[in-house]
Amino acid sequence: MKPVCLVIGAGAGIGGNVAAKFAQVGYHSVLCRRSDEDGLNRMVNDINGNGGSASGFLLNAIEDNSIEERVAAVEADIGPIDTVVFNLGAQIGDRPLAATTYKAFEMGWRLATFGLFRTAHSVVPAMESRGKGTILVTSATAAVRGNAGQHSHAAAMGGRRMLCQSLNAQFSKSGIHVAHILVDGAVDAPDTLGKMLGPERFQELRETRGMEHDGLMLPAKIAETYYHIAQQHRSVWTHELDLRAYSDMPWWNH
Ligand SMILES: NC(=O)c1ccc[n+]([C@@H]2O[C@H](COP(=O)([O-])OP(=O)(O)OC[C@H]3O[C@@H](n4cnc5c(N)ncnc54)[C@H](OP(=O)(O)O)[C@@H]3O)[C@@H](O)[C@H]2O)c1
């Protein structure tokens, strides 16, 4: 039976590329995303058509029991979950405090922090009983730097980083490896950054910083790091790392 890699938040950027990478090396990847069924089917069909093994499900992470039920169904119907990639972000763009409603603030926490907590609650017991498992958490600059206008995003991502640390503190000795992967810059991600900017600005960004300039992080390259972390020997686990394009200053330099 193939080990299972469950990706929560699989668009055409990091999530879908990580799923494709794990499938390419022998995992069965389970892709979950909120709304774009055509996009989901395209990614799943691409993986299966390229000799990999994948399935896909629509899942809205903010709905009660959506994550819990999907985890249980994957364990029961597909196989033991070896790796979970928690890839949901909570970026809503810059908003001053007065324009950040209570609802918007809480939504950031529900997606980025509580979503990871629910995921961990669901997958950890089975991983613990098997004595192994990997939880890879995509993160952002907002987890370590609170910029003006990022009240909801920074609070939610900062909380998520701390949750990764406390999960590690409790479960690393049980063989569960939690890694907080700080993506410190813009990703060539059409389903998230692309939608936030709109087609014209995204194309302009690709032409000026992406493509041959290598100034936009390529999700297929990010996926290689995820796979590497999931294969690390337990004597050398990474718990936190950051990634950025060569032409970007690290978060602590600006
Ligand atoms: N993109 C960037 O420039 C960038 C920069 C720094 C950090 N990050 C981090 O990277 C991660 C996202 O990766 P990505 O940008 O490459 O995106 P991606 O993997 O291409 O797509 C993420 C997917 O998450 C899904 N999603 C959103 N809300 C959801 C919900 N409530 N329930 C289930 N699925 C939901 C969306 O699905 P639908 O499209 O179907 O709605 C979206 O396609 C986040 O953790 C973010 O903080 C991204």
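Just the heavy atoms: all of them, side chains too, but no hydrogens, waters or symmetry mates, feed the values below. Order of listing sets the numbers, starting from 1, for every ligand and every atom in it. Throughout, numbering of the chain's residues begins at 1 and tracks the sequence.
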I need the nearest protein heavy-atom contact for [atom]: residue, atom name and distance, please.
| atom | value |
| --- | --- |
| atom 24 (O) of ligand 1 | Gly9 CA, 3.4 Å |
| atom 11 (C) of ligand 1 | Asn87 O, 3.2 Å |
| atom 10 (O) of ligand 1 | Thr138 CG2, 3.3 Å |
| atom 31 (N) of ligand 1 | Asn60 OD1, 3.0 Å |
| atom 34 (N) of ligand 1 | Arg34 N, 3.2 Å |
| atom 41 (O) of ligand 1 | Ser35 OG, 2.8 Å |
| atom 17 (O) of ligand 1 | Thr192 CG2, 3.2 Å |

Can you confirm, on distance only, whether ligand 1 has an N/O atom lying under 3.5 Å from any N/O atom belonging to [X]?
| X | result |
| --- | --- |
| Ser139 | no |
| Ala61 | yes |
| Ala189 | no |
| Arg33 | yes |
| Ile14 | yes |
| Gly11 | yes |
| Ala12 | yes |
| Gly13 | yes |

Checklist line | Residues Asp38 and Arg42 bridged, charged N to O under 4.0 Å | finding: no
Tell me which one of [options] gets a heavy atom nearest to [atom].
| atom | options | answer |
| --- | --- | --- |
| atom 26 (N) of ligand 1 | Asn17, Leu58, Leu88 | Leu88 |
| atom 5 (C) of ligand 1 | Ala143, Pro219, Gly185 | Gly185 |
| atom 4 (C) of ligand 1 | Val187, Asp184, Leu182 | Val187 |

Notebook entry, point to check: At under 4.0 Å between heavy atoms, which part of Asp191 makes contact with ligand 1: side chain, backbone, both or neither?
Noted result: side chain
Note to self: Using a 4.0 Å heavy-atom cut-off, which part of Met157 comes near ligand 1: side chain, backbone, both, or neither?
What the structure shows: side chain
Distance-only donor-acceptor pairs under 3.5 Å for side chains of residues 209-230, two or more places apart:
residue	atom	partner	partner atom	Å
Arg209	NH2	Gly215	O	3.3
His213	NE2	Glu207	O	3.0
Tyr226	OH	Thr138	OG1	2.6

Check: Just how far is it from atom CZ of Phe57 to atom CD1 of Ile8, taken to the nearest 0.5 Å?
Finding: 12.0 Å
Notebook entry, point to check: Given Thr119, which of Val124, Val84, Ile135 fulfils the side chain to side chain contact (heavy atoms under 4.5 Å, CB included) condition?
Noted result: Val84
Note to self: Ring-plane angle category for Tyr27 and Phe22, please: parallel below 30°, perpendicular beyond 60°, tilted otherwise.
What the structure shows: perpendicular
Notebook entry, point to check: Arg160: heavy atom below 4.0 Å from ligand 1, yes or no?
Noted result: yes
Item checked: Asp36 neighbourhood, listing ligand 1 atoms whose heavy-atom distance to it stays under 4.0 Å -> 40 (O)
Next item on the list: Would you kindly confirm whether Val137 and Leu88 end up in one hydrophobic cluster when ILVMFWY residues are joined by side chain heavy atoms under 4.5 Å apart?
Entry: yes
